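Contents: one structure, followed by commentary.
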There are 2 protein chains.
Amino acid sequence: MSPSTVSQYVNKRFHYMGKETKKKVAEAIEELGFQPNTVARSLKQKKTLTIGVIISNIMHRYSTVVSRSIEDYCYNYEYHTIICNADDNPEKERKYVDMLLAKQIDGLIIVPTNHNRELYQSLIHRNIPVVFLDRYVNGLAIPTVVVDNQDVTEQAINHWIEAGHTRISLISAPMNVSTRIERMEGYKRALQQASIPIQESYVHHVEMDDVQEVCRQMSQLTEPPTAILAASDLVLIEIIRYINRQGIQVPDDVALMVFDEVHLAEFHDPPITTINQPFYDMGQKAASLLMDLINKKEVENKKYLYEASINIRESSEAKLQNKGVL
Amino acid sequence: MSPSTVSQYVNKRFHYMGKETKKKVAEAIEELGFQPNTVARSLKQKKTLTIGVIISNIMHRYSTVVSRSIEDYCYNYEYHTIICNADDNPEKERKYVDMLLAKQIDGLIIVPTNHNRELYQSLIHRNIPVVFLDRYVNGLAIPTVVVDNQDVTEQAINHWIEAGHTRISLISAPMNVSTRIERMEGYKRALQQASIPIQESYVHHVEMDDVQEVCRQMSQLTEPPTAILAASDLVLIEIIRYINRQGIQVPDDVALMVFDEVHLAEFHDPPITTINQPFYDMGQKAASLLMDLINKKEVENKKYLYEASINIRESSEAKLQNKGVL
DNA sequence: TTGTAGGCGTTATCAA
DNA sequence: TTGATAACGCCTACAA
């Protein structure tokens, strides 16, 4: 009973295998509790059946959904996922990419920090199967699964404009990524089309620790905003902390809306309007695109656009007497 | 310039290496973009610098914290983590353990389903470094990082008893794991010491989908509970769904408390009392124990107990007129 | 101080 | 139908 025979058996290549041998191998495997060593196999086959996933920050709820979705998809293909937190830190992103490549992962799904263009290009150059998720990086031949942020932001702002709001604020994290930029575009476009001037003092891209300070500043304007769009669950939490402390009423004093479906939003008093992005579907799509790339199937290098939907709840609904005291 | 010289360089064994050679190797590496192949190295060294983490369900918030904590710890040791969702499914747990072992991971951190005793024993038998987290499995020589669930549950129930509650409900998922069992013990103990009879109809271990139904049933008792302890964030959400739909007031009609710190709790109206478990610390501890095991350091096979703390908020505070209408 | 040889566990190829 | 051999890329001895 030679190693190669066992290998045949393990890989279910029974074509020419004698019933007798088959049985003997089966018994031996059972008796010795033999388990093939994936590492050796990977070395030989140059395939690890493992993909790397680099997400921005697992503390964002959407990251949880995304990683879960990708893992679910991979489970059916006997693929493993190694999930890494880049923390929106380009250096960590680089380090993780290196580690993952050293580990010979078969492909990568990345929520890019957008500050490693050279790295991204080298991935293309080295023919590493890569899919980007949630954020688009200009001018790279990498398939990217994203939400149409501009469009949905425009809708959101329009919803408020139609209700009579003109002093609308947008607060997001400071990252220079496509999601933020597109949301800015959508925000501006909506205001411009309604001929509402864009006020610098209503738009902020700040660290989480500064969100409350920014709220305080806006509250001291002669015309504080009457509506705030929070760009993520983490931003929303900070805003609510401020609002609660100040005893500000939603939506009577200020209307609220937030990107991402979070439990907090649904059960808040009043319930908070959320912009729901189909991250589970997007994770599945990214995984499926990556599998196609790995299996040398044709994959179009384009944006795979998903529509977000606005789940209107009480927090965003205008009251005639909205005071905009923030 | 032979492979072994390069290997020396890569592994920083400069002892006897000529300045000249060193430089030449460095240049060549730079030029070719050479990266050592971890797979080959792992095969040779029988070390993958990777650990497996099997958690119950990443949709629980505490799982997010735990996996983040473990990853943070490993990052500093150049270790990778492969995180797997067993979904509280023993078969998935088995499959993942097998996959991870085939991948030759150096160690395992598991939130055990508790339904794979043979599997756990075989891990010990095969000398795989393993640490359990969050749940204790009886009679296994595996270091386990857990919260003192019985103690904190007893405290929680006592808090209500002292405030005059006697009709106290406990709702948890149906898993047969130590956390649930210990909480039951704590619950019973507190009631017994106060000579309050234990009512079957107040205690439920059910799937998430049945939580609302259980609430409905309790509301039709002649004496509905005046207080409910939810055993997880997911249970709480279902209870709140029911409560909101019925227009029930918290804590006027029923008092609430929940295991796990969730944003939902802090910002709910009224804010919900949480039982905070130090999962970040526990994750770090589990990772550190595992590293010790991997490095053959002495590790005590015992329960590493952590104290949970109760963050009292309005939802659990008794009103004299608490009607217990549920 | 550097280079050569053997082997880690698997599989592809080819010989028996 | 099964077995021997080489090779995957790296590392450790040991030889040069």
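As a basis for the values below, the full set of heavy atoms in this structure was taken, side chains included, without hydrogen atoms, waters or symmetry mates. To find a chain, count down the sequence lines: A is the first, B the second, and so on, and within it residues start at 1. In this text, all values refer to a predicted model and were calculated from it rather than measured experimentally.
- Using a 4.0 Å cutoff on non-hydrogen atoms, no part of residues 96-107 of chain A comes near DNA chain C.
- Checking each of B:Thr113, B:Asn116, B:Asn89 against B:Arg94 for a side-chain hydrogen bond (donor to acceptor under 3.5 Å, both in side chains) leaves exactly one that passes, namely B:Asn116.
- Of all heavy-atom pairs between B:Ile29 and B:Val10, the closest is CD1-CG2, 4.2 Å.
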Can you list, pair by pair, the side-chain donor-acceptor contacts under 3.5 Å of residues 285-301 of chain B, counting residues two or more places apart and other chains?
| unit_1 | atom_1 | unit_2 | atom_2 | d |
| --- | --- | --- | --- | --- |
| B:Asn295 | ND2 | B:Met291 | O | 2.9 |

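- Atom CZ in B:Arg13 sits roughly 18 Å away from atom P in C:dG3 (whole-Å rounding).
- The stretch residues 38-66 of chain B participates, sequence neighbours left out, in these ring-ring contact (aromatic ring centres under 6.0 Å, His included) pairs: B:His60-B:Tyr62, B:Tyr62-B:Phe279.
- For residues 25-47 of chain A, the set of pairs meeting the side-chain hydrogen bond (donor to acceptor under 3.5 Å, both in side chains) definition, not counting sequence neighbours, is empty.
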- Nucleotide by nucleotide, 5' to 3', does protein get under 4.0 Å of the base (B), only the sugar-phosphate (S), or neither (-) in nucleotides 5-16 of chain C, counting heavy atoms? -BBBBBBB----

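- Side chains of A:Ser2 and A:Thr5: a donor-acceptor N/O pair is present below 3.5 angstrom, by distance only.
- For A:Thr179, the side chain to side chain contact (heavy atoms under 4.5 Å, CB included) criterion is met by A:Asp134, A:Arg135, A:Asn149, A:Val177, A:Arg183, not counting sequence neighbours.
- Look at NZ on B:Lys47: it is 13 Å from P on D:dC11, rounded to the nearest Å.
- The cationic atom of A:Lys302 (NZ for Lys, CZ for Arg) lies less than 6.0 Å from the six-membered ring centre of A:Tyr304 and within 45° of the ring axis.
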